[in-house]
**Q** 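First the structure, which I've put down as structure tokens, then a few questions once you've had a look.
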Amino acid sequence: ALLINPSDRTLHLRDSTPLAKGGDYEAAIAPLERILVTEPQNAWMMVQLGSLYMALNSKIIARMYLEQALATPNISEDVAQKARTLLATL
């Protein structure tokens, strides 16, 4: 289905969620990064990616995504708080 409609956010999330829950963080990252291609200002997605990279102990990439999320215009307060909380643990 992703080959037919590669910009379908729902399909990417559907593919990523069970992978993350199952601990396959690397595989879970790819669909979320594809969403950022079409939604480059999606702060929530950046925080999710930061969290996944933290789980992989890739602190530099995690920090990059979390800081990028905080720099996103119109970020919601709950997403900003999650990003700040995660950054504080790095």
**Q** How long is the gap from CG on Leu32 to OH on Tyr53, to the nearest 0.5 Å?
**A** 9.5 Å
**Q** Could you tell me whether the side chain of Leu49 reaches within less than 4.5 Å of the side chain of Ile61, counting heavy atoms only?
**A** no
**Q** Check whether any side-chain N or O of Thr85 sits under 3.5 Å from a backbone N or O of Gln81 as a donor-acceptor pair, and report yes or no.
**A** yes
**Q** Show the nearest heavy-atom pair for residues Gln41 and Thr72, with the distance to one decimal.
**A** O-CG2, 3.1 Å
**Q** Look up atom CG in Leu90 and atom CZ in Arg63, then write down how far apart they are to the nearest 0.5 Å.
**A** 5.0 Å
**Q** Rounded to the nearest 0.5 Å, how far apart are CG of Leu56 and CE of Met54?
**A** 11.0 Å
**Q** State, to 0.1 Å, how close Gly50 and Ala62 come at their nearest heavy-atom pair, and which atoms those are.
**A** O-CB, 3.4 Å
**Q** How far apart are the closest heavy atoms of Ser76 and Asp78, and which atoms are they?
**A** OG-OD1, 2.6 Å
**Q** How far does CD of Gln48 sit from CD1 of Ile29, to the nearest 0.5 angstrom?
**A** 11.5 Å
**Q** What pair of heavy atoms forms the shortest contact from Ala69 to Ala43, and how long is it?
**A** CB-O, 3.7 Å
**Q** Please name the pair of heavy atoms, one in Leu70 and one in Leu87, separated by the smallest distance, quoted to 0.1 Å.
**A** CD1-CD1, 3.5 Å
**Q** Could you tell me which non-hydrogen atom of Met46 sits nearest to which non-hydrogen atom of Tyr65, and how far apart they are?
**A** O-CB, 3.4 Å
**Q** Measure the spacing between CD of Glu39 and CE of Met45 and express it to the nearest 0.5 Å.
**A** 6.0 Å
**Q** Drop me the distance from Thr89's OG1 to Lys59's NZ, to the nearest 0.5 angstrom.
**A** 8.5 Å
**Q** Got more than 12 heavy atoms from elsewhere within 6.0 Å of CD, Glu26?
**A** no
**Q** Does a side-chain N-to-carboxylate-O contact under 4.0 Å join Arg84 and Glu77?
**A** yes
